[in-house]
Amino acid sequence: MRKKWKTGRVVDTTVTYILLIIVAFIFFFPCLWLILASFSKSGTIYSFDGFFPKEYSFASFEKLFTDTSLYNYPQWFFNTLFVAAGSCVLGTFLTILTAYTMSRFEFKARKPIMKTTMVLGMFPSFMGMIAVYLLMTQFNLINHLWGLILIYSAGAPMGYLTQKGFFDTIPKAIDEAARIDGATNLQVFTKINLPLSKPMIVYTALTSFTWPWSDFILPKLLLKEKNLYTVAVGLMSLDETEFARFAAGSVFIAVPIVILYFCLVKNMVNGMAAGAVKG
C-alpha cells in the first residue's frame, strides 16, 4: 500500500512538472521570438526564415538611439518615464490616503462610496474615453504630458481596496494608544501607520508606475504631436519595414519593469498577501 502511494505521488509530481513546463514554454516563446527578432539584420519581418531571422546583428538597437530624424525613441522613452514617474508619485499618494481614510475613519458616506467604487470598477476604463477627451479639450490639456499624469493619478484611487485591506490588518489599538499620548491624526498616519506599510506602498508604487508605462489607448487619444509620443504610441507609428526596430524598442522598454519586479518582488508579494486578508 505504501509503495503504491509513493508511486502515485511520483506520477502526480511528474505530470504536474510536465504541465508547468509546457505552460511556461507557451508563455515564454513569444518573448523569445520578440527578443530574437530585435536582433534581425534585415530589419523587416518579411525576411524571416519561418519564425526567426536568418541573420543577426545589433544594428536595430544602434538605430533605435541614433537614427532619430523620423522615430525619436530617446524622446519617447523620456516622455514615458516622465509620465510614469509622475503618475507613480501622485497616484501612490492619493491611493494610500484614500485607503487609509476608508480603513480608519467612520463617516456616513463610507459604505456608499465603497459600493459605488466596486460597481464602477466592473466597467472597463476605455468606456469613458470620449468623456475624458472632451474634458481634456475643455481644460486645454491635449498634447500635454501633465494631462496624462492627472488622468492616471485621478483614476488610481479607484483601486484602493487592496490597500484598505492592508490597513485593516494593522490593529486600531495602536492608533488609540498614540492618540492617548497626544498624537494627532496626521502623526498617527505618518509616524505609525506609514512605517508599517512599506510592503503596501511598494506594491502601490509599482502598479501605479507600470500602468502608464505600458498604456497605449490614453496616450494615443491625447497626444497628437510626434515629439510627445510615449514609447507605446511611438512604436505603433513605425513603418512595417522597421519591425526589428519595433522589437528592439519593445525589449528595451521592458527592461526597467523587469528590473523593478526582481528588486521589489518580495515587498510586492507581501503587500498583495497582506492586503487580501481583509476587504
Side-chain angles (χ1 to χ4, degrees), residues 27 80 83-129 132 148-176 178 185-218 232 254 256-279:
F27 280 94
T80 307
V83 172
S87 303
C88 173
V89 174
L90 189 55
T92 300
F93 176 74
L94 294 176
T95 304
I96 293 297
L97 281 184
T98 303
Y100 183 79
T101 301
M102 291 297 181
S103 173
R104 282 332 213 217
F105 297 97
E106 295 288 342
F107 49 94
K108 288 184 178 180
R110 180 172 174 269
K111 289 291 179 69
I113 290 175
M114 290 178 62
K115 291 177 181 178
T116 302
T117 53
M118 289 181 68
V119 172
L120 292 177
M122 298 177 184
F123 297 95
S125 58
F126 63 81
M127 289 182 63
M129 287 300 170
V132 168
L148 283 175
I149 293 175
L150 291 175
I151 294 174
Y152 288 129
S153 302
M158 291 291 291
Y160 73 92
L161 287 175
T162 302
Q163 290 79 359
K164 176 189 175 297
F166 181 90
F167 284 119
D168 287 343
T169 62
I170 300 176
K172 291 186 178 181
I174 300 176
D175 300 5
E176 294 169 1
N185 287 329
L186 181 61
Q187 289 173 329
V188 171
F189 176 61
T190 56
K191 303 292 185 181
I192 297 174
N193 287 287
L194 274 188
L196 295 174
S197 307
K198 182 182 175 183
M200 181 50 62
I201 293 173
V202 170
Y203 164 76
T204 306
L206 191 56
T207 52
S208 298
F209 184 88
T210 53
W211 179 27
W213 184 262
S214 58
D215 187 35
F216 170 79
I217 298 177
L218 199 57
I257 297 296
V258 172
I259 293 174
L260 279 175
Y261 268 102
F262 275 109
C263 293
L264 304 176
V265 65
K266 183 178 179 181
N267 287 317
M268 184 178 174
V269 172
N270 291 339
M272 291 180 65
V277 174
K278 288 180 74 176

Discussion item. Between Thr95 and Thr92 (side chain of the first, backbone of the second, donor and acceptor by atom type, cut-off under 3.5 Å), is there such a pair?
Written reply: no
Response to the item:
Value for OG1 (Thr101) from NZ (Lys164), rounded to nearest 0.5 Å, stands at 11.5 Å
Item to complete: For Thr190 and Pro195, work out which heavy atoms get closest and say how close.
Response: O-CD, 3.4 Å
Item to complete: Check whether any side-chain heavy atom of Leu218 lies under 4.5 Å from a side-chain heavy atom of Val132, and answer yes or no.
Response: yes
Response to the item:
Closest non-hydrogen atoms of Met200 and Ile96, given as atom of the first, atom of the second and distance, are CG-CD1, 4.4 Å
Fill in: Residue pair Arg104, Asn193: steps toward the side chain to side chain contact (heavy atoms under 4.5 Å, CB included) verdict
CA-CA 10 Å; Arg104 282 332 213 217; Asn193 287 287; 3.5 Å; yes
Fill in: Other residues, nucleotides, ligands: >12 heavy atoms within 6.0 Å of Lys172 NZ
yes
Item to complete: Considering non-hydrogen atoms only, spot the tightest contact between Cys88 and Ala205 and give its length.
Response: SG-O, 3.3 Å
Fill in: Closest heavy-atom pair and its distance - Pro212, Ser87
CG-CB, 3.8 Å
Worksheet item: Just how far is it from atom CG of Leu206 to atom CG of Leu260, taken to the nearest 0.5 Å?
Response: 6.0 Å
Worksheet item: Parallel, tilted or perpendicular: which fits the ring planes of Phe167 and Tyr100, with parallel below 30° and perpendicular above 60°?
Response: perpendicular
Item to complete: Identify the heavy atoms of Ala84 and Trp213 that sit nearest to each other, and give their distance.
Response: CB-CE3, 3.7 Å
Discussion item. When you compare the side chains of Thr204 and Gln163, does any donor N or O come within less than 3.5 Å of an acceptor on the partner?
Written reply: yes
Discussion item. Around atom CZ of Phe27, are there more than 12 heavy atoms from other residues, nucleotides or ligands closer than 6.0 Å?
Written reply: no
Discussion item. Would the distance check show the side chain of Ser103 and the main-chain N or O of Ala99 forming a donor-acceptor pair, the cut-off being under 3.5 Å?
Written reply: no
Worksheet item: If you measure from CG on Leu97 to CZ on Phe93, what distance do you get to the nearest 0.5 Å?
Response: 4.0 Å
Worksheet, complete the sentence: d(Met102 CE, Leu161 CG) to nearest 0.5 Å is 9.0 Å
Item to complete: Indicate yes or no: does Arg110 engage Glu106 in a salt bridge with an N to O separation below 4.0 Å.
Response: yes
Worksheet item: Checking Ser153 side chain against Leu150 main chain: does a donor-acceptor pair fall under 3.5 Å?
Response: no
Worksheet entry | Exercise: identify the closest heavy-atom pair between Leu196 and Phe166 | O-CZ, 3.4 Å
Response to the item:
To the nearest 0.5 Å, atom CD1 of Ile151 lies from atom CE of Met129 at 8.0 Å
